[in-house]
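Numbers restart at 1 for each chain; the letters A, B, ... are given by sequence-line order, proteins then strands.
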There are 2 protein chains.
Amino acid sequence: MNNKKTPLYKQLKKEIIQKIERGELKPGDVLPPERELAELFEMSRMTVRQAISELVNEYILIRRHGSGTYVAESKIPQGRRLKSFSEDMRARGLLPGSKVLEKTIIVEPPANMIADLKSEGKILMLKRLRLADLYPLAIETIMLPIEKFNNLESRNFENESLYRILEEEYSIKITKAQQKIEVRMPTPQESELLEINYSVPVFHFKQITFDQNNEIFEVAHSVYRGDRYEINTEIYS
Amino acid sequence: MNNKKTPLYKQLKKEIIQKIERGELKPGDVLPPERELAELFEMSRMTVRQAISELVNEYILIRRHGSGTYVAESKIPQGRRLKSFSEDMRARGLLPGSKVLEKTIIVEPPANMIADLKSEGKILMLKRLRLADLYPLAIETIMLPIEKFNNLESRNFENESLYRILEEEYSIKITKAQQKIEVRMPTPQESELLEINYSVPVFHFKQITFDQNNEIFEVAHSVYRGDRYEINTEIYS
DNA sequence: AAGTGGTCTAGACCACCGA
DNA sequence: CGGTGGTCTAGACCACTTC
């Protein structure tokens with residue numbers, strides 16, 4: 001057997017996810033029946049069901065009563081995928097751009113972000129104006145615990161993708177993000193930076209991003225112009 | 001026993017939700033231990049756990065290992081499931097309500113909804129003011145092709161769930177919805193109905209809903225107060 | 001009819017929390 | 001320590017899909 005501390009159903013979950021990642025199971029493929037998996041992995045059917053149930057909740061598998069369990073067609077519904085600003089813009093047919101407004105190392109995060117970043121160490125704060133086809137579209141403020149990312153503060157960020165750097169050079173895999181979306185009026189500073197009238201409302205996104213170990217590695221606040229941005233999404237029952 | 005067709009765990013789920021709705025269980029309250037619920041409702045503990053697990057997934061309950069199971073506080077993030085207004089409110093710990101503003105049968109849908117409803121027949125337009133804890137929170141305008149739903153126009157809708165009627169009496173299964181979310185300022189009529197100042201921005205949701213045959217059965221526009229509503233969501237890579 | 005997932009039982013032992 | 005939720009078993013029968 002494997003690690004005795006890890007629950008059996010989590011081991012099976014991992015096994016299935018890896019088969020999907022390695023391409024041995026492709027979208028639309030059928031999984032072996034639950035009874036067979038139980039025999040194969042030497043666990044009871046209820047334990048198999050717990051593993052599968054969690055994967056179904058994560059939209060990775062789909063159950064069809066009387067038919068079988070299948071790998072979901074598109075793991076995550078279109079428009080609900082976690083996208084970087086650049087990816088998002090490209091998907092909308094716009095040219096992404098970036099202008100660094102601030103890049104500082106701080107000890108205390110701002111009051112409105114402190115709740116999520118109960119950090120013990122220093123924090124890199126990166127504030128960027130985000131452009132779409134050369135026009136300002138959003139203001140993005142990102143907080144990263146600098147202790148996890150040696151030398152990250154020396155990077156430029158003007159035209160580099162932060163997520164690409166984290167993934168390729170710091171082996172961070174982004175898995176999940178929690179997002180709150182509010183609507184409000186812009187502050188005077190925001191309306192100036194975004195070049196909008198004070199009467200144009202904005203989206204305010206507050207995002208907490210998790211890595212492969214389910215640890216928070218980023219807290220981001222973004223303010224988007226309400227007159228030039230809309231959210232498109234698909235939801236399922 | 002109750003209805004023999006309904007699974008036991010769903011009966012228990014309903015029981016718990018009703019206790020929350022009636023105020024017998026308030027946010028932060030402890031549920032009876034699983035073993036006690038099992039005895040009380042004459043079912044096995046695993047069945048109790050299935051009911052509770054689903055409510056935990058819907059962010060209605062929270063489990064604390066070694067301590068107990070609690071009713072979630074209203075600020076807890078909600079999932080990415082397709083929810084009716086009532087379900088959404090319940091998940092936030094608020095009491096849903098409804099007031100019909102308009103219920104008419106029309107031939108031509110309004111210009112801003114026509115694109116999605118290339119309908120050949122008549123349309124039922126239902127406009128409701130949606131309440132949370134008795135205060136106005138949203139204005140919802142729903143268009144349904146009336147030819148598909150015989151006699152639906154005779155229903156009251158004041159305190160009936162539209163989705164429940166469609167599901168139970170017309171065998172419609174809701175599978176998917178496409179949503180656009182914009183932010184804008186309210187019209188004078190909207191700010192009056194929602195009881196907000198003209199300077200409070202609003203969310204504008206435009207939703208197209210699909211049934212089990214992937215056919216559009218509903219087009220809905222909803223306008224939510226920006227000062228009292230926020231979207232909570234999880235996204236995955 | 002055969003095979004699949006859906007529901008359910010009556011136990012067992014482990015891991016964590018709080019007094 | 002006792003009580004809680006967390007994991008797990010080895011069955012059983014039901015409901016649905018597919019042939």
Side-chain angles (χ1 to χ4, degrees), chain A residues 1-16 25 28-73 214 236-237, chain B residues 1-16 25 28-73 76 167-168 171-173 175 211-214:
Chain A
M1 275 308 114
N2 279 343
N3 195 335
K4 284 176 186 177
K5 291 185 294 189
T6 317
L8 285 174
Y9 78 93
K10 282 192 182 168
Q11 294 178 32
L12 177 54
K13 263 185 79 172
K14 198 172 176 182
E15 204 74 41
I16 294 171
L25 280 172
D29 283 1
V30 189
L31 255 70
E34 295 174 351
R35 290 162 179 85
E36 199 174 306
L37 285 171
E39 206 179 342
L40 218 63
F41 289 89
E42 294 178 314
M43 53 181 79
S44 82
R45 191 179 153 216
M46 285 302 275
T47 305
V48 171
R49 280 184 64 76
Q50 186 172 358
I52 291 179
S53 295
E54 293 203 356
L55 291 170
V56 167
N57 276 330
E58 293 166 24
Y59 293 90
I60 293 168
L61 299 179
I62 292 173
R63 282 202 181 107
R64 295 205 190 114
H65 192 175
S67 165
T69 303
Y70 300 80
V71 179
E73 279 300 340
N214 234 23
Y236 297 83
S237 65
Chain B
M1 274 306 118
N2 279 342
N3 195 336
K4 283 178 184 175
K5 291 184 295 186
T6 317
L8 285 174
Y9 78 92
K10 282 193 181 167
Q11 294 179 31
L12 177 55
K13 264 185 78 171
K14 198 170 176 182
E15 205 74 40
I16 294 171
L25 281 172
D29 283 0
V30 189
L31 255 71
E34 296 175 352
R35 290 164 178 82
E36 198 173 306
L37 285 172
E39 206 178 344
L40 218 63
F41 290 88
E42 295 178 314
M43 53 181 80
S44 83
R45 192 180 154 216
M46 284 302 276
T47 305
V48 171
R49 280 184 65 76
Q50 186 172 359
I52 291 179
S53 294
E54 293 202 357
L55 291 170
V56 167
N57 276 330
E58 294 165 25
Y59 296 94
I60 292 169
L61 300 179
I62 292 174
R63 282 203 180 106
R64 291 203 194 116
H65 193 173
S67 167
T69 303
Y70 300 82
V71 179
E73 304 285 347
I76 300 305
E167 201 167 320
E168 294 181 4
S171 302
I172 289 288
K173 276 192 185 172
T175 56
D211 65 13
Q212 64 266 44
N213 302 317
N214 233 25

Minimum heavy-atom distance between B/Pro32 and B/Leu37, given as atom pair plus value: O-CD1, 3.7 Å
Check against side chain to side chain contact (heavy atoms under 4.5 Å, CB included), A/Val30 and A/Thr69: CA-CA 6 Å; A/Val30 189; A/Thr69 303; over 6 Å; no
Student check: side-chain heavy atoms of A/Leu25 and A/Leu31 closer than 4.5 Å: yes
What are the atom names and distances for every N/O pair under 3.5 Å that joins the protein to nucleotides 3-8 of chain D?
from  : atom 1 : to      : atom 2 : distance (Å)
D/dG3 : N2     : B/Gly66 : O      : 2.8
D/dG5 : OP1    : B/Thr69 : OG1    : 3.3
D/dG5 : OP2    : B/Glu34 : N      : 3.0
D/dG5 : N7     : B/Arg35 : NH1    : 3.0
D/dG5 : O6     : B/Arg35 : NH2    : 3.0
D/dG5 : N2     : B/His65 : NE2    : 3.2
D/dG5 : N3     : B/His65 : NE2    : 3.3
D/dG6 : OP2    : B/Arg49 : NH1    : 3.0
D/dG6 : OP2    : B/Arg49 : NH2    : 3.3
D/dG6 : OP2    : B/Arg63 : NE     : 2.9
D/dG6 : N7     : B/Arg45 : NH2    : 2.8
D/dG6 : O6     : B/Arg45 : NH1    : 3.0
D/dT7 : OP1    : A/Tyr9  : OH     : 2.7
D/dT7 : OP2    : A/Tyr9  : OH     : 3.4
D/dT7 : OP2    : A/Gln50 : NE2    : 3.4
D/dC8 : OP1    : A/Leu8  : N      : 2.4
D/dC8 : OP2    : A/Leu8  : N      : 3.2
D/dC8 : OP2    : A/Tyr9  : N      : 3.1

DNA chain D: stems of at least 3 consecutive Watson-Crick or G-U pairs whose donor-acceptor distances fall under 3.5 Å: C:1-18 with D:1-18
Close side-chain approach of A/Ile16 and A/Val71, heavy atoms under 4.5 Å: no
Rounded distance (nearest 0.5 Å) linking atom CE of A/Met43 with atom CG of A/Leu8: 5.0 Å
Interatomic distance, B/Tyr70 OH vs C/dC17 P [rounded to whole Å]: 11 Å
Carboxylate-amine/guanidinium contact A/Arg49 A/Glu54, below 4.0 Å: no
Heavy-atom check, side chain of A/Ile62 versus side chain of A/Val56, under 4.5 Å: no
B/Arg63 side chain near B/Tyr70 side chain, heavy-atom distance below 4.5 Å: no
